[in-house]
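Throughout, protein chains are lettered first and strands after them, A, B, ... in sequence-line order, and every chain is numbered starting at 1.
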There are 2 protein chains.
Amino acid sequence: MAATIKDVARLAGVSQSSVCRALAAPDQVRPATRERVHQAAAQLGYRPNRVARSLSTGRTGNIGLVLPDIANPFFPGVVKAVQRRAREFDLAVLLADTDEDPAAELELISTMTKQVDGFLLCSPRASDEDLRSVSGDTPVVFVNRRVGRLPSVNFDSADGIRQAITHLAALGHRRVAYVAGPRSSWVNRERLRSIRSVATAMDLEVVEAGNVTPTLEGGIAVADQILAASVTAVIAFNDMIGLGLLSGFNARGVNVPADISVVGFDNIPTAGLVNPPLTSVDMPKEQCGRSGVELLVQLLNDREGRAGSRRLLPTQLIVRGSTGPAART
Amino acid sequence: MAATIKDVARLAGVSQSSVCRALAAPDQVRPATRERVHQAAAQLGYRPNRVARSLSTGRTGNIGLVLPDIANPFFPGVVKAVQRRAREFDLAVLLADTDEDPAAELELISTMTKQVDGFLLCSPRASDEDLRSVSGDTPVVFVNRRVGRLPSVNFDSADGIRQAITHLAALGHRRVAYVAGPRSSWVNRERLRSIRSVATAMDLEVVEAGNVTPTLEGGIAVADQILAASVTAVIAFNDMIGLGLLSGFNARGVNVPADISVVGFDNIPTAGLVNPPLTSVDMPKEQCGRSGVELLVQLLNDREGRAGSRRLLPTQLIVRGSTGPAART
DNA sequence: TTGAAAGCGCTACCAC
DNA sequence: GTGGTAGCGCTTTCAA
C-alpha cells in the first residue's frame, strides 16, 4: 500500500497539518520540522494523492484537451506543445478526440468537466451557444475559434489568405477555386469570408466547392469537380484536402503546377514531402499550444477574473512546387 | 454550483445511499424509488463527481497512455483507437508524450500513477527493469514491447521482415542495408535480430547503419551513408526514416527504385502519398489500440488476476513504387 | 428495500 | 508554528 500523509506524520512525529504545510508552504514551518518531514516523506517514498487533494481543493491539476481528429497531422504538433507546457505547470492532459462530431464533443466535455480545471478546445465543432454555456461552467480557452470575446488563441488566417491570393495573383491566376472544409468549422467560415473579400479587392474570381471532410479522402473526392470548374488554381481549406487534390489530379494525369496550382493551410510535415511539394500557409503550432496553456493557466489563477485575453498568431505562406505561373489561355 | 448526490437525495425524498444504488445497481432498489431518483437526477442535471468517486472506490476511471512522440504519424492511429475503445468502457485517457526520453517517461508515469487505474505504454523507452517495477505497482499493458511475460500487444515484426526480405530477394537484391532506430527501442532491437536471422537464412548480406532518431531528419541524415554502402536496397526501422531516405536520395539525384529500393515499417498515411510511394510493412493500428484497451480492462477486472494474456497482431507488406528490381551489376 | 454513518487522503480553518 | 478537526462527494458496510 502506498504511504499516506498519516504515515509520514507518524514517522516524522508531527501532525498531518504540519506535513501538509511542510510540503505545500515550506516557509510556514520551522526548518527543523520541515527537515524531519522531508526525510520521512523521502524514506516512505510518499507521493501525495492527487485525487484526494482534488476533492478537498476543488482543483484537479488536469486540463482537458479536446480536438476533432488527432489523425489530422495539424493536431499532433499542437498536442505536443500543450503537453510540454502543461507539464511545466504540473498539469496533466486529458485528451478527447471527437471524430468531428459536435454531439460527441459536447458529451465528452460534459463527462470530463468534473475531472479537469479547464478546457483547451481546439477547433471545436459545436455551436457558439453550446460553447458559451460550457465556458460559463468551466474555464475555457478556445483554439482556432473565436466565440464572442472569450479567451482564445487564433491564427491570422485572413493574413494567410491575403498572402496566398497575392501570390497566386502575381503568378497570373485570375480564377481560383476554394475547397471548403466542414460547415461546422469556424475557421472554414472565416477563411471563406476572407477569401471572398480579398479576392474581390484584387479582382479575382472565386469558385466555391466542397464542404468536404478535412481529410485526404475529402480532397480526392472533390478533385474532379475542381477540374471541371476551369480554374487555374485552387486553395484548399487545409493541407489534408490539398494533398488529396494533388493525389486526385495526379490520378487524372493533370500536371501540378503546369495545369493547376494548389495551396493548402497548416503546413503539416507531409506538405513538404510530396511531389510536387505543397505550397501552404504555415501556422505556428508550437506557439499555439504553448499560448493556449498559458492563457488557460492565467484564467485558472485569476479565479473569476476579468474577461480573458486573446492571442492572434502570425501565419506565413510557404511557397513550394505546387504553385506556379498560370497557363496562358 | 453543480448538483451533488445530496441534492438529488433531498429532491427525491430518499437517502444518499438510495440515490447511489439507484444509479449504480438499479436492480437493488424498488422500481418506484428508482424512478423518483432518476427523475430528480435528470431535473437537476446531476453528474456524479468522478473525483469523489475515485477517492472512495480507489478507481479513477482514467487510463494513462504514454508514448514517445505523438508527432510520429504512427501513433495518432493508435491513440484514436484507444480513445474510442476507452470511451466505450467509460474511461478517460490521460496522454503523456515523453519526447523519446526514458527518464521523462518514468517521471511521467510516476506522477500519473495515482490518477489512473492502469497504463498503456506504447513503445516505451525505459529499461525492462524499470518497466517491470512500474508493472508491479499498477496494471500495465505494453504496446510494441515485450517485457517478460507481462501483458502486451505486439505486431508480428518478424513476419513483416520475412515478407519484406522475401520481396527484396525476389527482386534480385543480394545486399541490403538496415537503418536502425533508437537504441532504446525494443522493437528496433527485435527487427534487427529478425533481419539478421532472415537474411542469413536467405543468403542475403546485411549492412547495418544508423541508430538514428525515428524521424524524417534521422532518415535524411543517414542517406549519404547508405549510398556509400553500395547496397541495392534499404530497410528502414520505420516509415519516417524511410521517407527521410527518399528525400535524401532525391536530393542527391539518386533514383528510387531504379538505383535503390526502400522499405519502411508502419504504413503511415504519408507513405502512400509521396513519389515514389513508399513500400511499407503495415501494422494494424486500430486493432492495436482496441486490443490494448481491452487487455487493460480485463486486467483491471481480474484484480490481482492471473498473469495477463498477450496479443500478436499480423503485419502485411504493402508493395508500392519505392521497391523494384535490383540494378544489374 | 432503505437509511445512517464511517471512511477514502488531503486541505484549510481555527485554536492553542 | 503547530495540532485538532471538519469537510470535499461519493461508496459501502451495517442495521433497521
Indicate whether any N or O donor in one side chain lies under 3.5 Å from an N or O acceptor in the other, for A:T98 and A:R125.
-> no
When the distance from CD of A:Q16 to P of C:dT11 is rounded to whole Å, what number comes out?
-> 10 Å
Hey, which of these two, A:V14 or A:K114, hits DNA chain D nearer its 5' end, going by closest nucleotide?
-> A:V14
How do B:S56 and B:G13 order along DNA chain C: which one's closest nucleotide is nearer the 5' end?
-> B:G13
Under 4.0 Å between a side-chain N or O of B:T33 and OP1 or OP2 of C:dT2?
-> yes
Looking only at side chains, do B:S123 and B:R145 share a donor and an acceptor under 3.5 Å apart?
-> no
Polar side-chain contact B:R21-C:dG3 base: donor and acceptor under 3.5 Å | yes
What is the distance from CD of A:Q28 to C1' of C:dT11, rounded to the nearest Å?
-> 12 Å
Output yes when at least one side-chain N/O atom of B:S15 is less than 4.0 Å from OP1 or OP2 of C:dG3, else no.
-> yes
Under the salt bridge (charged side-chain N to carboxylate O under 4.0 Å, His left out) criterion, do B:K80 and B:E286 qualify, and how do the steps go?
-> CA-CA 8 Å; B:K80 219 177 158 71; B:E286 298 285 322; over 6 Å; no
Using a cut-off of strictly less than 4.0 Å, decide whether A:S18 has a side-chain nitrogen or oxygen near OP1 or OP2 of D:dG3.
-> yes
Starting from C1' on D:dC8, measure out to CZ on A:R50 and report it in whole angstrom.
-> 17 Å
B:K6 atom NZ is separated from D:dT11 atom P, nearest whole Å, by 14 Å
Between C1' of D:dT2 and CZ of A:R10, the distance in whole Å = 19 Å
Between B:T33 and B:S18, a side-chain donor and acceptor under 3.5 Å = no
Do the side-chain N or O atoms of B:R30 get closer than 4.0 angstrom to the phosphate oxygens (OP1, OP2) of C:dT1?
-> no
Value in whole Å for how far the C1' atom of C:dG7 lies from CG of B:L55 | 9 Å
